[in-house]
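What you see is a predicted model; the values in this text were computed from it and never measured. In what follows, chains are A, B, ... by sequence order, proteins preceding strands, each numbered from 1.
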Amino acid sequence: MLVQKITTLLNHSLTAKQLKQIHGSILVHGLNHLDRLLIHHLITSQSDYSQPTAHYLRLILHHSKQPDVDSATSAMRYFSKHGNFQQALALYSGLQTSGLSPSTFAVASALKACARVCELNGGVMIHGQVFKYGFCGDVYVETGLVGFYAKVGDMGNACKVFDEMSERNVVSWNSMIDGFLRSGDLVMAEGCFARMLDKDVVSWNSMVTGYARVGDMEKALRLFEEMPERNQTSWNAMVSGYVECEKLELARKFYDSMPQRNTISCITMIGGYSKCGDIVSARELFDEMGRKDHLLYNAMIACHAKNGRPKEALQLFDEMLQPNVNIQPDKMTLATVISACSQLGDLSFGSWIHELYMNQMGITMDDHLRTALIDLYAKCGSIDKAFKLFHKLHKKDVVAYTAMILGCAINGKEQIAIKLFDEMMESKIRPNLVTFSGLLTALNHVGMVEESYHCFNSMKRYGLAPTPDHYSLMVEVLGRAGRLEEAHNLIKGMPMQPHAGVWGALLLACSTHNNVELGEIAAKHCFELEADSSGYGSLLANIYASAGRWDDAKRLRKSIYEKGLVKVPGSSWMDHVQE
DNA sequence: CGCAATATCG
């Protein structure tokens with residue numbers, strides 16, 4: 001009776017609440033065989049992927065003892081389709097542990113998942129199982145293996161499997177081409193392409209992308225024009241290629257002349273505009289798009305966040321959550337939003353996401369999100385929380401270390417910052433420009449001049465050229481130590497145009513050490529570079545005043561007032577939040 | 001079922 005009722009219900013579309021009730025009944029009455037129907041319902045009825053669905057699905061799979069092969073396989077494909085490869089793999093190993101034989105479908109899906117999450121051992125293990133289950137002659141399974149080895153860059157094994165295949169199809173060949181292109185072997189890819197009898201769009205597109213990736217847009221274009229058939233991906237590959245080599249006008253030309261654009265085309269263009277700071281053009285394209293998905297929102301939010309517009313980023317996040325828009329955010333959205341919070345110093349919103357929202361949406365933590373949170377907590381002074389997350393990272397990369405180093409540097413834990421840097425070096429992780437900013441900040445705060453020099457000079461050993469920001473930090477530490485002439489000489493020796501911050505650092509140092517002569521020089525440069533800021537004038541006025549030159553000080557203050565520049569010096573980003 | 005174009009953290 002109950003079984004009948006549930007079976008009927010599951011044939012209709014149901015609300016989340018109804019599903020929960022049904023699941024409850026199944027649990028209470030021990031109707032485990034109905035889980036299969038429930039899983040099937042969840043996977044098929046919901047055309048759009050949503051975090052709650054995935055979460056719920058996980059829950060059911062967890063409660064049911066072990067789903068049958070078909071249920072597990074369809075759930076695997078569901079998760080895989082939506083990028084949740086870990087979950088798909090968990091299901092596959094679930095099959096293993098309960099002694100069930102996977103289907104060829106499950107194997108193909110698992111191989112894909114292994115490739116995507118770079119699960120090298122997993123793929124090799126599955127390769128072994130292929131023999132055990134006698135799937136050797138299956139084109140799909142074997143192509144899956146080729147695809148796996150190609151994706152993880154093991155072209156030796158990819159070739160081995162490929163050569164021994166009794167039957168090959170387009171996908172097998174395309175996987176090989178893709179693998180060669182990924183490992184940078186254009187010649188071998190060209191060889192495959194030439195030997196292929198029946199090429200399809202994917203083959204052509206792969207080659208176009210391959211040329212675009214190495215910056216050879218002439219060849220990419222030639223191939224693009226030769227193509228017997230083009231689809232959106234072909235056009236997108238061209239747009240992406242031009243964006244990559246920063247030829248935005250050409251990218252836009254292709255974008256505009258596409259017969260039909262999709263979300264990816266738009267995301268690619270937005271990414272291009274974002275990289276060169278053209279938020280306005282990016283936003284225009286975004287607004288033009290009729291139907292927007294979460295990926296498009298992610299791209300636009302990231303564009304704002306990356307270009308110093310965290311407020312707009314949060315506004316857009318808010319917009320996507322509005323009932324009339326109602327787009328589910330994903331991990332990437334949250335990582336970007338948290339970074340915006342961190343720029344704003346908005347600890348409360350950021351930690352709300354961490355402590356409540358993620359859980360509510362069924363979004364699981366990953367290292368990207370952790371790193372974003374580390375930065376947030378560190379920037380907002382909760383260094384202990386940052387450390388806790390830092391220790392939970394599965395893999396500590398440059399970004400994570402840098403966030404932590406910078407966080408310690410600005411929270412009075414300079415020695416720990418230095419220790420973290422050493423630890424990072426021992427782990428053979430290459431520091432980058434931002435890492436050095438963090439280290440220099442720490443050294444700066446404790447006034448370690450010689451160590452700063454050492455750090456600054458060691459940058460070129462990593463192929464890094466100091467940016468004006470690094471010069472600023474050097475000027476600051478020298479200035480603090482009263483070595484003003486030396487700081488001035490360092491600026492004069494800069495290979496690039498110093499920005500206002502560099503001269504500002506010198507000016508500040510002159511003000512603490514009451515050096516009128518250098519202070520005037522520094523202030524002059526600051527005025528030239530940033531005429532609309534009053535902070536510099538006030539600093540110089542202070543220097544005059546402390547040197548007893550009251551008239552000069554008065555004259556300067558008067559002119560600042562007349563220009564209407566009455567902002568208080570030292571006004572920070574917090575003011576921009578309010579505006 | 002499997003291959004091509006996009007996007008997250010300092």
Side-chain angles (χ1 to χ4, degrees), chain A residues 73-74 76-77 80-81 83 103-112 115 138-148 150-151 169-179 181-182 200-210 212-213 231-241 243 262-272 274 293-303 305-306 329-339 342-343 366-376 378-379 389 393 397-407 431-435 437-438:
Chain A
T73 307
S74 42
M76 273 181 78
R77 287 183 29 212
S80 208
K81 186 176 157 195
S103 58
T104 55
F105 291 77
V107 171
S109 184
L111 279 169
K112 181 193 167 145
D138 189 281
V139 212
Y140 286 102
V141 169
E142 288 194 306
T143 302
L145 281 169
V146 171
F148 165 76
K151 269 263 177 347
N169 62 22
V170 218
V171 182
S172 330
W173 283 92
N174 287 343
S175 299
M176 288 298 284
I177 291 180
D178 181 54
L181 288 174
R182 261 172 221 285
D200 67 357
V201 220
V202 178
S203 331
W204 286 89
N205 286 345
S206 299
M207 288 308 290
V208 169
T209 308
R213 221 178 269 150
N231 61 12
Q232 288 183 348
T233 305
S234 333
W235 286 88
N236 287 342
M238 289 303 288
V239 174
S240 160
V243 160
N262 60 12
T263 314
I264 295 176
S265 335
C266 191
I267 292 171
T268 310
M269 275 314 295
I270 288 178
S274 176
D293 62 5
H294 69 283
L295 296 174
L296 198 54
Y297 267 94
N298 287 356
M300 198 60 228
I301 291 175
C303 175
K306 273 226 183 319
D330 65 358
K331 288 178 193 225
M332 296 181 197
T333 325
L334 296 192
T336 317
V337 167
I338 290 166
S339 129
S342 147
Q343 288 180 52
D366 68 356
D367 279 359
H368 276 295
L369 268 166
R370 267 190 203 96
T371 309
L373 285 165
I374 288 170
D375 178 60
L376 171 82
K379 287 247 168 69
L389 285 161
L393 285 170
D397 65 355
V398 220
V399 185
Y401 265 110
T402 304
M404 212 53 230
I405 290 170
L406 203 59
N432 61 24
L433 288 170
V434 194
T435 321
S437 291

Atom pair distance, as rounded to whole Å: [atom1] in [X] and [atom2] in [N]:
X	N	atom1	atom2	value
A:Asn298	B:dC9	CG	P	10 Å
A:Lys306	B:dG10	NZ	P	6 Å
A:Leu393	B:dC9	CG	P	15 Å
A:Tyr401	B:dG10	OH	C1'	15 Å
A:Asp366	B:dT8	CG	C1'	8 Å
A:Arg370	B:dT8	CZ	P	20 Å

- For A:Thr435, which contact category applies under a 4.0 Å heavy-atom criterion: base, sugar-phosphate, or nothing? base

- Applying side-chain contact (heavy atoms from CB on, under 4.5 Å) to A:Ala378 and not counting sequence neighbours gives A:Ile383, A:Ala386

Using salt bridge (charged side-chain N to carboxylate O under 4.0 Å, His left out) as the criterion, list what pairs up with [X], not counting sequence neighbours.
X	answer
A:Arg182	A:Asp178
A:Lys379	A:Asp375
A:Asp138	none

- Note on the structure: Across all chains, not counting sequence neighbours, the side-chain hydrogen bond (donor to acceptor under 3.5 Å, both in side chains) partners of A:Thr333 are A:Asn298, A:Asp330

- What's the spacing between A:Ile177 CD1 and A:Asn205 CG if we round to 0.5 Å? 11.0 Å

- Query: Can you give one letter per nucleotide of nucleotides 1-6 of chain B, going 5' to 3': B for a protein heavy atom under 4.0 Å from the base, S for sugar-phosphate only, - for none?
  - Reply: BBBBBB

